[in-house]
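This chain uses plain numbering: 1 for the first residue, then up along the sequence. When reading the values below, keep in mind they use all heavy atoms of this one structure, side chains included, and skip hydrogens, waters and symmetry mates.
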Amino acid sequence: RRRRRTGRAHCSAVAGHGTLSRPSGAPPPKGQQHRASNAAAAAVGHGPRGASGMPVQSIQLEPGNDDDRLELPGQPYAMALWNLIVRPPRRRYDLARLGPEEFRLWSVCVKRIDINLTNSRGMTLRCSHFLPRALAEGNPACDPGLEPRPVVIYLHQNASCRLEALNLVPLFLPLGISLFCLDFAGCGESDGEYISLGWFERDDLSDCVDYLRKTGKVSAIGLWGRSMGAVTALLHADRDHSIGGMVLDSPFCNLTTLATELAQSEYLAVKVPTWLLSGALGLGRIRIRSLCGFDIEELKPEQHVGDSFIPALFVHGRGDDFIPPHHTEKLFAAYNGDKELEMVEGDHNSPRPNHLNRKAVLFFCRAFRCSPTPQANDDGNLARMLGLDTLGLDGSLDLPVMSRQLVLEAGKQLAISGSFPPVPGGRLPPAGAARPWLGDRHQLFLPFRAEGALQLCEPSAEAGFCVCLVPSPSDWAGVSRPPEVLIAYAAADGLHLARASERGREALAHAECQLDLSVPLLCVLELRPKPSRIRLALGTGGLEFEHTLREECDLEVFTWLWDSRRGEALFFDCAFSDLLHPAGQDTLSMGAVYSEDSSVYSGDQRPAGGHLEPPPLAGRGGGPRRRSQRGSTETISGGRRRSDPPTSTSVSVVVGGSAAAQQEAAGSSSSFCPSQ
């Protein structure tokens, strides 16, 4: 009788009543610490109940952000055998985690296109395609300068989503290889309640392949799958021999074999004894068939590798105790195509080392018969403009390899090329065009205010500030980020904000008004964090607009006075202040002033007391200096350096004030104090 009760208890655990609960304060069993953290990297359902009515439990991955969470079926999570197979933790996330729709790498501008596909079962799949901007905006069928390029489809794990693919963007895009990723049905933000570990996912993959071929923008197609994604690739490969290559990370060879191993592992709250194993597996097989409509006995990737001839790179972690390495070794031995095997340190969910990612990228280059060096394109190739090694910059995923001097040189190049109006077709500005004027460089730290007096002498004149910011490291663009250059300026038709690129100015915002060119203007530029925003004002109060930047940026900022030289403009004076200091206090230095010819001060070389004396300037006390005379009257007030963490950024512009106030502000050639 006691044995029968024990058997029923084990069957109950396998049937869905076993849990992950343990005594309060007790440490997790050996080997479960990393699994608990890995479970906290996934999510299920949209509220107290999932789509099927099953109760779900949510775990916030980021405090105060319910969009970024894990969802687990049951309260507490029922760690039944079939939950490990068809309903693991589901990763929910905020779509902002995918990054901006358009961003810059050193060698290419990248554009993300989000797609909703409907699979053969009527479920919506959330997908993203990262392409070079020129290819995303053009059509190879109509533009002889464009040609279809290879694409790699990334297939995620069972308790993951398309965010898993983001760190591959700076590896593939500089080579002209686009990256496509998706949330499988039942995962991430796609529809569906259950997964099938490759059985139905291969049909989702087939729908994605069909979509990509119809776009006319891709040539060869490669597959990079991990765990469930690797099995999906194997199940698809033997029916689609046009696939160019595959990276298969941690696939299993037979689902029944895997279920047998899991039933006696620490992933179940109560292990199934050997004498009860066949009955437990039979019960799990019936339950999975009723929930998901497929038979685990038929899911055997080892029966598909004999008919696959696509070049394949097999990968597995030596410490993997969820899918042991012998699964991959068996598949590798039976595979008929060109093959390689790479064993790496780590377990099933460990991040793969950077050297393996680079080896996989080179494997795809050989499979696609394309060059492993960055494309020699002109669209967004900032590194080529500077004569730099683009692969070393964009391919740096762990340590930044750029210097401040490189950032400044790149920022200045963008400021010059981006000062021209947009050039049709994305071509470079004409060589004979007049170069813009940039004043002395100022090193500042957020938040700050810059105030300058200027006058537009002709209707075609444009003058204001040029700001160079460095985006923070990110999953989608690596750690060595190229600078972002913004131009906030006044023109006869109002105030403008533009992004500087090698193709000219890209307008971001415009506050339309007719400025009085007969009087000087007091320009006020403010850049604040959390979220960062630029405020450009003429006088006090009046017209304004606000614009939020697409990425978070470091707090160190470089600014220049800027004149497009399309018409005559006058600069009178310039001063900087720290917005963290309360009103009424003396303005302190916020960094350093640099001449474009030679450094006047470095960031740490300052007089005693922390103040910076303004450098000697031409024209002090001699009235305004005309841009045609190549002079300026600039001053910088004192302030303090800070090194706070990076914050996100947004921009706002204001114009207004009486002519009398503007004349009073610009009537003196000496430096003026910022308005409090």
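- For His316 (side chain) and Ile323 (main-chain N/O), a donor-acceptor pair under 3.5 Å exists by modelled atom type.
- Between atom CG of residue Leu205 and atom CG of residue Leu155 there is a gap of 5.5 Å, rounded to the nearest 0.5 Å.
- Checked by atom type, the side-chain pair Glu189/Tyr93 shows no donor-acceptor distance below 3.5 Å.
- Contact of the Val209 side chain with the Ile153 side chain is registered, since non-hydrogen atoms from C-beta on lie closer than 4.5 Å.
- Contact check for Thr328 versus Pro251: side-chain heavy atoms found under the 4.5 Å cut-off.
- Minimum heavy-atom separation, Leu182 to Cys208: CD1-SG, 3.7 Å.
- Looking only at side-chain heavy atoms (C-beta outward), Ile195 and Phe184 stay at 4.5 Å or farther from each other.
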### Task
Kindly indicate, with the supporting measurements, whether the criterion side-chain contact (heavy atoms from CB on, under 4.5 Å) is fulfilled by Arg499 and Arg550.
CA-CA 11 Å; Arg499 179 179 294 113; Arg550 55 192 182 185; 3.5 Å; yes
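- Between Asn357 and the options Val247, Leu362, Leu168, a side chain to side chain contact (heavy atoms under 4.5 Å, CB included) holds for only Leu168.
- Arg213 and Ser242 share a side-chain donor-acceptor pair at under 3.5 Å.
- Under the ring pair (Phe, Tyr, Trp, His ring centres under 6.0 Å) criterion, His236 pairs with no residue, sequence neighbours left out.
- Residues meeting the side chain to side chain contact (heavy atoms under 4.5 Å, CB included) test with Asp475, sequence neighbours left out: Leu166.
- Checked for salt-bridge contact, Lys330 and Glu302 meet the test: a charged N lies under 4.0 Å from a carboxylate O.
- Using cut-offs of 30° and 60° for the angle between ring planes, the Trp199 and Phe294 rings count as parallel.
- Judged as a salt bridge (Lys or Arg N to Asp or Glu O under 4.0 Å), not a single pair has a partner in residues 119-129 (not counting sequence neighbours).
- Between Ile85 atom CD1 and Leu258 atom CG the span is 7.0 Å, to the nearest 0.5 Å.
- Side chains of Ser206 and Arg239: no donor on one and acceptor on the other come within 3.5 Å.
- At a cut-off of 3.5 Å, with distance as the only test, no side-chain donor of Asn119 or Asp207 sits close to an acceptor on the other residue.
- For Phe252, the ring pair (Phe, Tyr, Trp, His ring centres under 6.0 Å) criterion is met by no residue, not counting sequence neighbours.
- Between Asn349 and Asp320 the shortest side-chain heavy-atom distance does not fall below 4.5 Å.
- With values rounded to the nearest 0.5 angstrom, Leu299 atom CG is found 8.0 Å from Asn254 atom CG.
- When the salt bridge (charged side-chain N to carboxylate O under 4.0 Å, His left out) test is applied to Glu345, the partners found at least two apart in sequence or on another chain are Arg318.
- No hydrogens or angles considered: a donor-acceptor pair under 3.5 Å links the side chains of Glu261 and His326.
- When all heavy atoms of Trp106 and Ala410 are compared, the closest pair comes out as CZ3-CB, 3.7 Å.
- Looking at Lys300 and Glu298, no side-chain N of the basic residue comes within less than 4.0 Å of a carboxylate O on the acidic one, giving no salt bridge.
- No side-chain heavy atom of Met123 sits less than 4.5 Å from a side-chain heavy atom of Thr118.
- With salt bridges taken as basic N to acidic carboxylate O contacts below 4.0 Å, none links Arg133 and Glu101.
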### Query
How far apart are the C-alpha atoms of Phe172 and Ser178, what are their side-chain angles, what is the distance that settles it, and do they pass the side-chain contact (heavy atoms from CB on, under 4.5 Å) test?
CA-CA 6 Å; Phe172 281 118; Ser178 63; over 6 Å; no
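- Shown here are the side chain to side chain contact (heavy atoms under 4.5 Å, CB included) partners of Ser501, two or more places apart in sequence or in another chain: Arg104, Arg503, Glu506.
- Partners of Ser219 by side chain to side chain contact (heavy atoms under 4.5 Å, CB included), not counting sequence neighbours, listed by chain and number: Pro148, Pro150.
- A donor-acceptor contact under 3.5 angstrom links the side chains of Ser128 and Asp114, judged on distance only.
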N/O donor-acceptor pairs under 3.5 Å from side chains in residues 304-313, not counting sequence neighbours:
from   : atom 1 : to     : atom 2 : distance (Å)
His304 : ND1    : Asp238 : OD2    : 2.8
Ser308 : OG     : His304 : O      : 3.2

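- Ser474 places a side-chain heavy atom less than 4.5 Å from the side chain of Arg481.
- Checked against ring pair (Phe, Tyr, Trp, His ring centres under 6.0 Å), Phe180 has the following partners two or more places apart in sequence or in another chain: His129.
- Separation of atoms CG (Asp183) and CZ (Arg162) is listed at 5.0 Å; rounding is to 0.5 Å.
- Here the side chains of His156 and Leu163 are not in contact, with every heavy-atom distance at 4.5 Å or above.
- Taking CZ of Phe363 as the start and CG of Asp338 as the end, the distance is 8.5 Å to the nearest 0.5 Å.
- The CG atom of Leu356 lies 9.5 Å from the CG atom of Asn354; values are rounded to the nearest 0.5 Å.
- In the model, Ser472 has no side-chain atom that pairs as donor or acceptor with a side-chain atom of Glu551 under 3.5 Å.
- With sequence neighbours excluded, the residues satisfying ring pair (Phe, Tyr, Trp, His ring centres under 6.0 Å) with Phe314 are Phe332, Tyr335.
- Considering only residues two or more places apart in sequence or on other chains, Gln303 meets the side chain to side chain donor-acceptor pair (under 3.5 Å) condition with none of them.
- Val152 places a side-chain heavy atom less than 4.5 Å from the side chain of Phe364.
- With sequence neighbours left out, Asp249 forms a salt bridge (charged side-chain N to carboxylate O under 4.0 Å, His left out) with Arg226, Arg352.
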